Amino acid sequence: METLKKNILDIIITEVNAINDKIKGLNFLEILKINLIKKILPIINDLKFPLDKFDNLETQINQETRSIKISIKYFTDSLINRKKIIDKDTLFLFFNEGSSFDIYNDDKNFVNILLYKNTGISLPINTIINSKFNKNLFLIEIQNKDNEA
């Protein structure tokens, strides 16, 4: 499992470094999403689920133009988060299972988005969400904060 996490982390770092520094915010995360799904999907497809003994990984990359926090998680049980505020532009990538997000327009009105396996969603800072992560979900979460030049 350590090799798996290291390989995925290496792919993420390589793709982050390959994207032009002038591309910022959600545009950066959308480009990253497309590139990562293409490169990580073959690795995930080779895995046998459910995974045994997967320790979640969290790491920080600080560059001149951006700070990135990468979390690689595996959920053995479902998890529901209610009224969570996204504190940085965030990319969620879902592998092996789907998920559901309620994205709030205001305190009472929201839009429900169903995300199928092997997809992702980028959400801007200060978005309020409810999220439901299914059992046996392999999740990569990338938070991006653009540094001022």
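Treat the numbers as computed from the prediction; the structure is a model and nothing was measured. Note that the numbering runs from 1 along the sequence shown for the chain.
A distance-only check finds a donor-acceptor pair linking the side chain of Asn134 to the backbone of Gly98 [under 3.5 Å]. Lys33 places no side-chain N or O within 3.5 Å of a backbone atom of Phe28 that could act as its donor or acceptor partner. Tyr74 places a side-chain N or O within 3.5 Å of a backbone atom of Leu51 that can act as its donor or acceptor partner. Side chain of Asn130 to backbone of Lys83: a donor-acceptor contact under 3.5 angstrom is found. With hydrogens and angles ignored, the 3.5 Å screen pairs a side-chain donor or acceptor of Thr14 with a backbone N or O of Asp10. For the pair Asn109 (side chain) and Asn105 (backbone), a donor-acceptor distance under 3.5 Å is absent.
The CD1 atom of Ile37 sits 8.0 Å away from atom CD1 of Ile34, with the distance rounded to the nearest 0.5 Å. Rounded to the nearest 0.5 angstrom, Ile85 CD1 and Thr127 OG1 are separated by 10.0 Å.
Asn17 and Gln63 share a donor-acceptor pair across their side chains, judged by distance under 3.5 Å alone. Side-chain contact, Asn112 with Asp102: a donor N or O sits under 3.5 Å from an acceptor N or O. Looking only at atom types and distance, the side chain of Ser67 has a donor-acceptor partner in the side chain of Asn62 under 3.5 Å away.
Linking Ile, Leu, Val, Met, Phe, Trp and Tyr residues whenever their side-chain heavy atoms come within less than 4.5 Å places Ile12 and Leu47 in a single cluster. In the hydrophobic clustering of ILVMFWY residues, with side-chain heavy atoms under 4.5 Å counting as a link, Ile13 and Leu91 come out together.
When side chains are defined from C-beta on, Ile86 counts as touching Phe92, because their heavy atoms get closer than 4.5 Å. Residues Leu36 and Leu93 are in side-chain contact: their nearest non-hydrogen atoms beyond the backbone lie under 4.5 Å apart. Within the 4.5 Å cutoff, the side chain of Asp87 has heavy atoms near those of the Gln143 side chain. Looking only at side-chain heavy atoms (C-beta outward), Asp89 and Leu123 stay at 4.5 Å or farther from each other. Counting heavy atoms from C-beta on, the side chains of Leu137 and Ser99 come closer than 4.5 Å. For the pair Leu139 and Phe133, the minimum side-chain heavy-atom distance is below 4.5 Å. When side chains are defined from C-beta on, Leu32 counts as touching Val16, because their heavy atoms get closer than 4.5 Å. Contact of the Ile142 side chain with the Thr90 side chain is not registered, since no non-hydrogen atoms from C-beta on lie closer than 4.5 Å.
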Test side chain to side chain donor-acceptor pair (under 3.5 Å) applied to Asn81 and Ser131, step by step: CA-CA 5 Å; Asn81 292 316; Ser131 57; 3.3 Å; yes
Worked check of ring-ring contact (aromatic ring centres under 6.0 Å, His included) between Phe138 and Phe75: CA-CA 7 Å; Phe138 193 87; Phe75 295 98; 9.8 Å; no
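When ring centroids are compared, Phe94 and Tyr116 stay outside the 6.0 Å threshold.
In this structure, Lys5 forms a cation-pi arrangement with Phe54, its terminal cationic atom sitting closer than 6.0 Å to the ring centre and no more than 45° off the ring axis.
None of Lys88, Lys69, Arg66, Lys24 except one satisfies the side chain to side chain contact (heavy atoms under 4.5 Å, CB included) rule with Asn144; the exception is Arg66.
Taking both residues in full, the closest heavy atoms of Ile103 and Ile121 are given as CD1-CD1, 4.1 Å, listed atom of the first, atom of the second, then distance. Contact between Asp146 and Gly25 at its shortest, heavy atoms only, is OD2-N, 2.8 Å.
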